[in-house]
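We name chains A, B, ... by the order of the sequence lines, and we start the count at 1 in each one. Side chains included, hydrogens not; waters and symmetry mates left out as well; all remaining heavy atoms used.
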Amino acid sequence: MKEHLQELLATALKRLFADAGVEHAATIQLDPTKDAKFGDFQSNLALQLAKPLGKPPRMIAEALVKMLPDSTRVARIEIAGPGFINFFLAPAAFQAVVAEIIEQGEDYGCDRSGNKGRIMVEFVSANPTGPMHVGHGRGAAYGDSISKLLAATGWQVWREYYINDAGRQVDILALSVWVRYLELCGENVPLPQRAYPAEYIRKTAQVLHSEHGDGLRFPAATVLDDLPQEPIPGPADSEQEKAAAKTGQETYMDALIVRAKTLLGERYELIRKAALTDQLAAIRKTLADFNVEFDQWSSERELVDSGFVSTALTRLEQMNLTYEKDGALWMRTEQYGDEKDRVLIKADGSATYFCNDLAYHVNKLDRGYPTLMDVWGADHHGYIARVRAAIEALTQRKDALNVQLIQFVTLSSGRMGKRSGNFVTLQDLVDEAGTDATRFFYLTRSHDQHLEFDIDLARSQSNDNPVYYVQYAHARICRVFEQLVEKGGDWDPLTAKLTLHRLTNEHEKTLLTLLNRYPDMLERAASAYTPHTVVFFLKDLAEALHGYYNVHRFLVEDDPELQAARLALIAATGTVIRAGLKILGVSAPEKM
RNA sequence: GCCCUUGUAGCUCAGGGGAUAGAGCAUCCGCCUCCUAAGCGGAGGGUCGCAGGUUCGAUUCCUGCCAAGGGCACCA
């Protein structure tokens, strides 16, 4: 429809220029109007041309309108305000969308061709060292919805979770479990300051203890033999002293890890694996409860063990992208926009996180995904430049990596006020508020906006909870069709299509306008990577439905033609609500 | 110090260079004999952080300043 009007304007413009004997490159801008009194579409073309043509905009508008070709889809055209050209469409042009939606179902407005190519979306990728918190939840909701949105607008999407199971934090996790295990054996090894103190660590330790008895036990004196005292800063210490203590604690932690590996030998791997398995199982359960799925879970450790990381390093060397300095291997990221070059292999011979992560990205490219989307927490901002630089060096393309940063989440509630989101797990949130309310909440804000999550509101089963507003519209539509059957009536989509000209009142017009905008809205949301656009659209659609419902009856027994038309309209509305909610990962209940 | 994000109604936030800046919550007033009142209609509430610039037109784009949050490792 929009294209059609643009063509009309282009023709008029050509004629105008021919008449006046001038050339000017004007982009034909056409926008949906905000207010129905300005018609359905508006163009500011005449305003743009006022200066280059040296004539008042209203005069240009009049000339343009005169030159516009006739179209059956346009009811009338008005010139308004400073020189806007407002198009009022013929009702039939709007009504046709109902038939289209009934035919195409939930795929209406979608492009399932996959013509835009393959894209890999990596999201969540939370460290498997503890439960996911509400910040991860936001990334999960966003990543899942943007994937669905991209898949609905012409992309072939592959979703992945990168498991960071090779770094030091996993050793810390394993050690934490072991200390708790020793505790169960009756050994007094104090939990290091830098270890994970949480309850879930004990559970793994208990399972280990029941399965292996004292098989992993060593006397506390042996474990702590020769180890330095762990520094614990007092409250009166200066910032400097506290920082020094922290460094000391890290050193102590590392020494303890080495001790564990030495004493346990191959048995260390047993503990490591048990800890990882438990954490990953918890994460998988939470994500499943949250209605988030992945095509693949990729392990960092497997990437290392399979030799892929060294292969990737060799390739970087061959491309002359690396060099040695101070005993470390560096990558030349600075010449690709990073603020400095970065270390891949440390002087002690171990790989940096960046090294393995980069290899993982190389792996993604190798698997045939020219576009990589990474959904990261806002705290990873400083990390973008180096990965982007590295990917550009490898692909010679600036657009190969698409990073979406998700801003922080703070929790609030009437009783507790603001508090940090890191201390509430996503599992708790989903258990208490439910997947629908939680996901809807997350996606109601733009992802680059800090989010204040009102737990009490999400939890409330009352009309205050915004998710119900949209779901209720859907349930109401379903109820009407239920009533129809109860009354012994029937409704045939094929014949209903012939009745659409009866949809003429204001409420019907509003709904038709919104339904017509759905495809455009999807495309806009996808290309701007903003699932929240879908949320706001659905709220508008639900509002239009509720208003309609309140004023008009859909089951009009004395006018079968009108009834058929209205049922067609609300059936189409229901379909679009369902499709939209599906993109958000929210259910569309038939009863509430 | 440098980099990124944000600043819009009492609160939480939408807003695609356009006409009179919107929604939800909160406050106030109405609407169920009728397909679900988890709904609808109405009222009040604004220096779009501040100052410049670009433009016919700026909440929107650019620059500076102020404020909030985050980031600046041979950590992960």
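- Residue-level contact check: Asn86(A) touches the bases, meaning some heavy atom is under 4.0 Å from a base atom.
- In summary, Glu230(A) and Arg194(A) do not engage in a salt bridge, as defined by a charged side-chain N under 4.0 Å from a carboxylate O.
- Nearest-nucleotide positions on RNA chain B for Tyr353(A) and Glu543(A) put Glu543(A) closer to the 5' end.
- Of the listed nucleotides (rG18(B), rC40(B), rA73(B)), rC40(B) has the atom at the smallest distance from the side chain of Tyr469(A).
- Between Glu78(A) and Arg76(A) there is a salt bridge, with a side-chain nitrogen of the basic residue lying less than 4.0 Å from a carboxylate oxygen of the acidic one.
- Of the nucleotides present, rA43(B) is the one that pairs with rU27(B) by Watson-Crick or G-U wobble criteria, both distances under 3.5 Å.
- Looking at the side chain of Gln48(A), the nearest of the listed nucleotides rG16(B), rA19(B), rC56(B) is rC56(B).
- If you check every strand for non-hydrogen atoms under 4.0 Å, Ala378(A) touches sugar and phosphate atoms only.
- For Arg386(A), no side-chain nitrogen or oxygen approaches OP1 or OP2 of rC72(B) to under 4.0 Å.
- Contact between the side-chain N/O atoms of Lys346(A) and the OP1/OP2 oxygens of rA73(B) is not found at any separation under 4.0 Å.
- For Lys37(A) against rU20(B), a side-chain-to-base donor-acceptor contact under 3.5 Å is present.
- Residue contacts shown for Ala473(A) are absent, as no nucleic acid heavy atom lies under 4.0 Å away.
- At the heavy-atom level, Arg553(A) lies under 4.0 Å from base atoms of the strands shown.
- Within 4.0 Å of Phe536(A), counting heavy atoms only, lie sugar-phosphate atoms of the nucleic acid but no base atom.
- When distances are taken from the side chain of Ala80(A) to each of rA19(B), rC35(B), rA38(B), the shortest belongs to rA19(B).
- In rC29(B) the O4'-C1'-N dihedral to the base is more than 90° from 0, which defines an anti nucleotide.
- Between Lys340(A) and rC74(B), a side-chain N or O to OP1/OP2 separation shorter than 4.0 Å is present.
- Looking at heavy atoms from C-beta onward, Leu581(A) lies out of side-chain contact with Ser587(A) at the 4.5 angstrom threshold.
- Closest to the side chain of Gln449(A), from the set rC74(B), rA14(B), rC34(B), is rA14(B).
- Put simply, Lys51(A) has a side-chain N or O that comes within less than 4.0 Å of OP1 or OP2 on rC56(B).
- Nucleic acid contact class of Gln42(A) (heavy atoms, under 4.0 Å, all strands): base.
- Here rC13(B) presents its C1' atom at 13 Å from CZ of Phe440(A), a figure rounded to the nearest Å.
- Atom CD1 of Ile77(A) and atom CZ of Phe88(A) lie 10.5 Å apart (nearest 0.5 Å).
- Under the Watson-Crick and G-U wobble criteria, each requiring two contacts below 3.5 Å, nucleotide rU33(B) is left unpaired.
- Of the candidate nucleotides rU5(B), rG71(B), rG16(B), rU5(B) has the atom nearest to the side chain of Gln407(A).
- Of the candidates rA76(B), rC13(B), rG39(B), rG39(B) carries the atom nearest the Asn550(A) side chain, counting heavy atoms from C-beta on.
- Among the atoms of the strands shown, none is found under 4.0 Å from any heavy atom of Phe481(A).
- With respect to Glu334(A) and Lys340(A), no salt bridge is recorded, no charged nitrogen being found less than 4.0 Å from a carboxylate O.
- If you find the closest nucleotide of RNA chain B to Lys325(A) and to Asp448(A), the one lying nearer the 5' end belongs to Asp448(A).
- Within the 4.0 angstrom heavy-atom criterion, base atoms lie near His381(A).
- Counting any heavy atom pair closer than 4.0 Å across all strands shown, His507(A) reaches no nucleic acid atom.
- As the counterpart of rU59(B), no nucleotide is assigned, since no Watson-Crick or G-U wobble pattern has both distances under 3.5 Å.
- Remark: the separation of the P atoms in rC48(B) and rU20(B) is 15 Å, to the nearest Å.
- Of the candidate nucleotides rA76(B), rC40(B), rA73(B), rA76(B) has the atom lying nearest to any side-chain atom of Arg168(A).
- The side chain of Lys34(A) has rA19(B) as its nearest neighbour among rA19(B), rU6(B), rA14(B).
- The separation of rA14(B) from rG53(B), taken at their C1' atoms, amounts to 28 Å, rounded to a whole angstrom.
- Residue-to-nucleotide contacts include no donor-acceptor pair under 3.5 Å from the side chain of Asp379(A) to the base of rG71(B).
- Between Asp171(A) and Lys261(A), at least one side-chain nitrogen of the basic residue sits less than 4.0 Å from a carboxylate oxygen of the acidic one, meeting the salt-bridge criterion.
- Counting only N and O atoms by type, the side chains of Glu508(A) and Tyr548(A) include a donor and acceptor under 3.5 Å apart.
- When the P atom is compared between rU59(B) and rA21(B), the two are found 10 Å apart, to the nearest whole Å.
- At the phosphate of rG15(B), OP1 or OP2 sits under 4.0 Å from a side-chain N or O atom of His532(A).
- Among the heavy atoms of the strands lying under 4.0 Å from Asp326(A) is at least one base atom, whether or not backbone atoms are also near.
- Pairing for rG22(B) goes to rC13(B), judged as Watson-Crick or G-U wobble with the two contacts each under 3.5 Å.
- Between Arg168(A) and Asp254(A) there is a salt bridge, with a side-chain nitrogen of the basic residue lying less than 4.0 Å from a carboxylate oxygen of the acidic one.
- In this structure, rC65(B) forms a base pair with rG49(B), meeting either the Watson-Crick or the G-U wobble geometry with both donor-acceptor distances under 3.5 Å.
- Each of rG69(B), rA76(B), rA73(B) was ranked by its minimum atom distance to the side chain of Arg342(A); first place goes to rA73(B).
- Distance from the side chain of His546(A) is smallest to rG39(B) among rG39(B), rG15(B), rC56(B).
- rC34(B) atom P lies 19 Å from atom CG of Leu484(A), rounded to whole Å.
- Note on Thr33(A): nothing from the nucleic acid sits closer than 4.0 angstrom, heavy atoms only.
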